[in-house]
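Shown next, in structure tokens, is the structure this report addresses.
Proteins come first, then strands; the chains are lettered A, B, ... in the order of their sequence lines, and each starts at number 1.
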2 protein chains.
Amino acid sequence: MGGDFAPTEIVAGAIQSATEDGTHVLLVGRSDEVGKALAEAGAAGNDLRGGVGGLPPLIEVVDAPEVIAMDDSDPARAIRSKRGSSIGVACRLVKEGRADAVFSAGSTGAALAGAVLETGRIRGVARPAIALLLPFEPSPTVLIDGGANADVRPEHLAGFALLGSVFARIRLGIEQPKVGLLNVGEEPGKGSELTKEAFKLLDAASGSGLNFVGNVEGRDIPTDRVDVVVTDGFTGNVVLKTLEGFGKYLFEQLLQIFSKTEEAKQAAKSLLPDLLALGSTLSPETTGGAHLLGTKGVCIIGHGSSNAQAVRNAVRIASETVDAGLVEEIAQAVAKERH
Amino acid sequence: MGGDFAPTEIVAGAIQSATEDGTHVLLVGRSDEVGKALAEAGAAGNDLRGGVGGLPPLIEVVDAPEVIAMDDSDPARAIRSKRGSSIGVACRLVKEGRADAVFSAGSTGAALAGAVLETGRIRGVARPAIALLLPFEPSPTVLIDGGANADVRPEHLAGFALLGSVFARIRLGIEQPKVGLLNVGEEPGKGSELTKEAFKLLDAASGSGLNFVGNVEGRDIPTDRVDVVVTDGFTGNVVLKTLEGFGKYLFEQLLQIFSKTEEAKQAAKSLLPDLLALGSTLSPETTGGAHLLGTKGVCIIGHGSSNAQAVRNAVRIASETVDAGLVEEIAQAVAKERH
């Protein structure tokens, strides 16, 4: 029920996941609205025959009569009071073992509250955090925390480093991902009170399962100096939205240049496919959403503007991450760290 | 003496400022090294005749035998202990009324300490802050604090808003600049403890000389939603370096696309001048440095890589800012706010 184009695009993406990728999908929401979206998708030419109860194969509908609004100011309270909210029910399915992963294009706060309160935290994880895989070429970068925790203590940043490191190992296939602390200077001793203390903790943890490369700066994010950039959820969210805004700005400036003269228009034509490809690698539709790490299930929070393709990508990535044993790997790493 | 290309490029920029822009420049540093750089500039064809003591007109050398290194971990102590440091002496010249403005391409921390300890704070300014004019088209944006204060309290952010607002009025010619608080959501009540409290202070101050438009996000920075983006020095510095790194990354990706095929190379040729112009508007050489606001003199901190052109630009902007009465305007605004 969450997202700008719910339930139509969510349902359309789920159908693609089920019919084309063979993923078993539980659609959680108001069953009448979800059913209507499914019927419309069927009328639009999707082959929905062959499943149970008139549904396409591998698709089930789980009724959840309530919805948590995007602008709900206290999503944790909403999760507790609206026991039948779509995100709450979905997270409970994960806790009950009826689902391995949850995807939502709705309120980030509600997904976070649902995953923490309903699915539950992994033992030893004080603060689940949002990890984003930024698709820089040739060296993608994991940013953690992307916005789950606006106020953190140094030990939380050390925890994010561990979560991000396991995530990078699984998603990027790097055995010892280079973990850096986002800071305002490279030298130890630089930064805020928070980052100075976190540096000491990370430096002490370095070696035992963590490849801490020290402080990194904003300019290092797209480079191969670092695989995992650790920061608080406030700074991380600002960085993500700054990248989004600046990318959009530069593309608009390029389009202006490309349409300035007839000659420029002709020249731009032959470059356009590659430029669009560059733009699309950085768009929220392709990157497949943000991973909430540290709860007992895979949890992906999609962009509010998620369309069917974005939903399908997110479900595919969720599926791969489950198969790779992300939750178990995190639990093991945290347990090892505590001993 | 500060910067990657000191004193050669600093001296070359100063000569341009003096001979081409008619600005009276005091070169502060080791007089033997500065003298040598001046002699070299003369040998390289610059017309240095006509001034006093063999110097070009409008140029004076002020001896300062000590230098504060870029990596000095405690610049405030260095300013106090090295009474003859070039940045310390330069800031003292401003205090003594022998200069109106100081420019440095050296350590930001040393310039900050010099300006605060030697030039002195404007009455009522608790924390001087670094303002940067980001040259987005068609709507440039002032970011404050760019890195002077890593740890701040809500009332400091309110102070930055006032400094940034006066700066935008003078530099951008906007009578009531739109001031936004950088945050992780637009709604009041969003954010960290710091930004929640700062929002209340800014909201209360709105109207009386401050045009507070509420919370803004990273994606709003390049847009005309906001003229002045207020944030702590940690977040501000991360934002600046993220913009720098991402801009560099995207230009590298563009260059790859443009050199992929013969056709692309031909097409790129006709677009290149405009692309380079776009790149140069965003480069540190053109933007003319960061302004430290809140001390009793104009203080511009240049990029470490400042070349002669960057130095000349910074000196020109310093000159304009002095003529516009920046320090007096800030003093008046702060005094008004306190009554």
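For the atom pair CG of A/L250 and CZ of B/F136, the computed distance is 8.0 Å after rounding to the nearest 0.5 Å. Here the straight-line distance linking atom CG of A/L194 with atom NE2 of A/H156 works out to 10.5 Å at 0.5 Å rounding. Between A/D72 atom CG and A/S81 atom OG the span is 8.0 Å, to the nearest 0.5 Å. Note: A/I87 CD1 to A/L117 CG = 11.5 Å, rounded to the nearest 0.5 Å. Residue B/E193 holds its CD atom at 12.0 Å from CZ of A/F234, rounded to the nearest 0.5 Å. Note that CZ of A/F5 is 6.5 Å distant from OG of A/S305, once rounded to the nearest 0.5 Å.
Under the salt bridge (Lys or Arg N to Asp or Glu O under 4.0 Å) criterion, A/K82 pairs with no residue at all, not counting sequence neighbours.
Residue with the most contacts toward chain A among B/G218, B/G109, B/G189: B/G218 (heavy-atom pairs, distance under 4.5 Å). Among the candidates A/E217, A/E187, A/K241, the residue making the largest number of heavy-atom pairs closer than 4.5 Å to chain B is A/K241. Interface check for chain B: of the options A/S192, A/G233, A/G245, the most heavy-atom pairs under 4.5 Å are formed by A/S192.
Residues of residues 219-229 of chain B that come within less than 4.5 angstrom of chain A, heavy atom to heavy atom, are B/R219, B/I221, B/P222 in numerical order. Scanning residues 144-154 of chain B against chain A with a 4.5 Å heavy-atom cutoff picks out B/A150, B/D151, ordered by number. Identified by a heavy-atom distance below 4.5 Å to chain A, the contributing residues of residues 252-266 of chain B are B/Q253, B/L254, B/I257, B/F258, B/K260, B/E263, B/A264, in residue-number order.
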Going through the distances and angles, do A/V238 and B/V238 end up as a side chain to side chain contact (heavy atoms under 4.5 Å, CB included)?
CA-CA 9 Å; A/V238 167; B/V238 167; over 6 Å; no
Output, in order, the C-alpha distance, side-chain angles, deciding distance and verdict of side chain to side chain contact (heavy atoms under 4.5 Å, CB included) for B/L181 and B/F212.
CA-CA 8 Å; B/L181 176 65; B/F212 180 55; 3.9 Å; yes
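Nearest approach of B/A131 to B/L293, heavy atoms of both residues: CB-CD1, 3.6 Å. Contact record, B/T195 with B/L182: CG2-O, 3.8 Å, taken as the closest heavy-atom pair. When all heavy atoms of B/A161 and B/V230 are compared, the closest pair comes out as CA-CG2, 3.6 Å.
Between A/K200 and A/E197, at least one side-chain nitrogen of the basic residue sits less than 4.0 Å from a carboxylate oxygen of the acidic one, meeting the salt-bridge criterion.
Counting heavy atoms of neighbouring residues, nucleotides and ligands inside a 6.0 Å radius, atom NZ of A/K196 exceeds 12 of them.
In this structure a side-chain-to-backbone donor-acceptor pair under 3.5 Å is present from B/N183 to B/K190.
Both the backbone and the side chain of B/L275 come within contact range of chain A, with heavy atoms under 4.5 Å apart.
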